[in-house]
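Take a look at the structure set out below.
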Amino acid sequence: MATEGPATRRVQVAEYPRLLKLKEMFTSKFGSLPKFYVRAPGRVNIIGEHIDYCGYSVLPMAVEQDILIAVEPVKTHTLHLANTNPLYLDFSTSANNIQIDKTKPLWHNYFLCGFKGIQEHFGLSKLTGMNCLVDGTIPPSSGLSSSSALVCCAGLVTLTVLGMNLSKVELAEICAKSERYIGTEGGGMDQSISFLAEEGTAKLIEFNPLRATDVKLPSGAAFVIANSCVEMNKAATSHFNIRVMECRLAAKLLAKYKNLQWDRILRLQEVQTKLGVSLEEMLLVIEDALHSEPYSPEEICRYLGISLEDLRTQILSPNTQDVLIFKLYQRAKHVYSEAARVLQFKKICEEAPDNMIQLLGELMNQSHMSCRDMYECSCPELDQLVDTCRKFGAQGSRLTGAGWGGCTVSIVPADKLPSFLANVHEAYYQRSDGSLAPNKQSLFATKPGGGALVFLEA
């Protein structure tokens, strides 16, 4: 249950090759034994893109790829962080003086986000140090949430070292908030599914208050993840935060148009709730209230009756203060239509009509079109991969995660899966120009996995 904390499992480490290898690497690195291990999974968002930070429900599932950390609390007040991947350098810092550099999204800063989130939640100043060795199987910058899984894993590591308890919901909320230390103005989907996931079911994640409901996916279909091999780091670019701000500004202009207290409104969902109308009706409100041409900062200021200085310092985030155009109509149209698609997807899963796979596929296709044309968060490689997946038997295919690179998710009838995998592999990954490095190829069917866990050696 969501009111409980993450599960703790006693295991024979020797029976789990990955744990055993991590234990051996830890011992050779630190000259001592880990006391426990923590895992937190990545996720694939099936539908509901870029709407969690607008207050709307999303529909992800956890994947088996995860972050696994071996941990040993130490008497000193020093955090020693190491990674099994030699590309990620060791890092040490005082546990009592955590500094997170927003200008550099280095791997260890995500660990520090989770650590600092727990530290601040309990108001602790003197924290014990620890040795940590991190191992990850989630491809980085792929849209499968490797960074949030590391934040969640670090939060659970810190909680376990402290011997404190929190529910999964509390942990998810703390980790969602603490990831903002790195400058990403995200919603809360990634952290929520990392803690609230359960094997065998996708989840409808709702916010304010945070809760998760099981969504049974069709048994006759596989969900296939394909990596475009274009990397996109949310914290390193401003695309993501610009979209968050465009949604915030759209919410304020819609609120002003409808004579609501616009200065108190931050999210598009709040406008709908205050007006007490349906998502379909909100799409009609947009047509009246917003124009499709981009807005300049000056026009927004004139409409809201504020100064440019107020806009920059009181509404925009630090890395969006110099943006010159905002596409408010397009972003709001995507959010309200995507929020409606999530609810339709869940309803179809519950009613399970005979043509369920086709209907779900159509919603996924509409979602990609909206992400591409209205939200402009796709890229040529993702569009090509989506077309390739549909060509070889996917009933629906869309980008997943923030976009601008990363992965697609496709719904494929189970009987077509072997030929689908073979054909997509050949068409996209085995290009004649050899431009895709083989080690970055990833194309796999996935099932809903479980959430974050603590492992103790039996």
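In this chain, numbering begins with 1 at the start of the sequence shown. For clarity, every value in this text was computed on a predicted model and none was experimentally measured.
Between Glu299 and Arg302, none of the side-chain N atoms (NZ, or NE/NH1/NH2) sits under 4.0 Å from a carboxylate O, so this pair counts as no salt bridge. By the 4.0 Å N-to-carboxylate-O rule, Glu350 lies close enough to Lys346 to be salt-bridged with it. Salt bridge Lys447/Glu199: absent, no basic N to carboxylate O contact under 4.0 Å. Residues Arg243 and Glu246 are paired through a salt bridge, judged by an N-O separation under 4.0 Å between the basic side chain and the carboxylate. Salt bridge status for Lys327 with Glu293: absent, with no side-chain N to carboxylate O gap under 4.0 Å.
Side-chain contact annotation: Gln191 with Glu179, donor-acceptor N/O pair under 3.5 Å present. Side-chain contact, Asn365 with Arg398: no donor N or O sits under 3.5 Å from an acceptor N or O. Remark: the His368 side chain and the Asp383 side chain contain an N/O donor-acceptor pair separated by less than 3.5 Å. Side-chain N/O atoms of Glu338 and Ser370 include no donor and acceptor closer than 3.5 Å.
Below 30°, between 30° and 60°, or above 60°: for His50 and Trp404 the angle between ring planes is above 60°, a perpendicular geometry. Between Trp107 and Tyr88, the two ring planes are tilted [angle within 30° to 60°].
Between the CD1 atom of Ile46 and the CG atom of Leu217 there is a distance of 4.5 Å, given to the nearest 0.5 Å. Here the CG-CD distance, from Leu324 to Glu298, works out to 8.0 Å after rounding to the nearest 0.5 Å.
Remark: Lys116 is positioned above the aromatic ring of Tyr181, its terminal NZ or CZ atom under 6.0 angstrom from the ring centre and at most 45 degrees off the axis.
Heavy-atom neighbours of Glu120 CD from other residues, nucleotides or ligands within 6.0 Å: above the threshold of 12.
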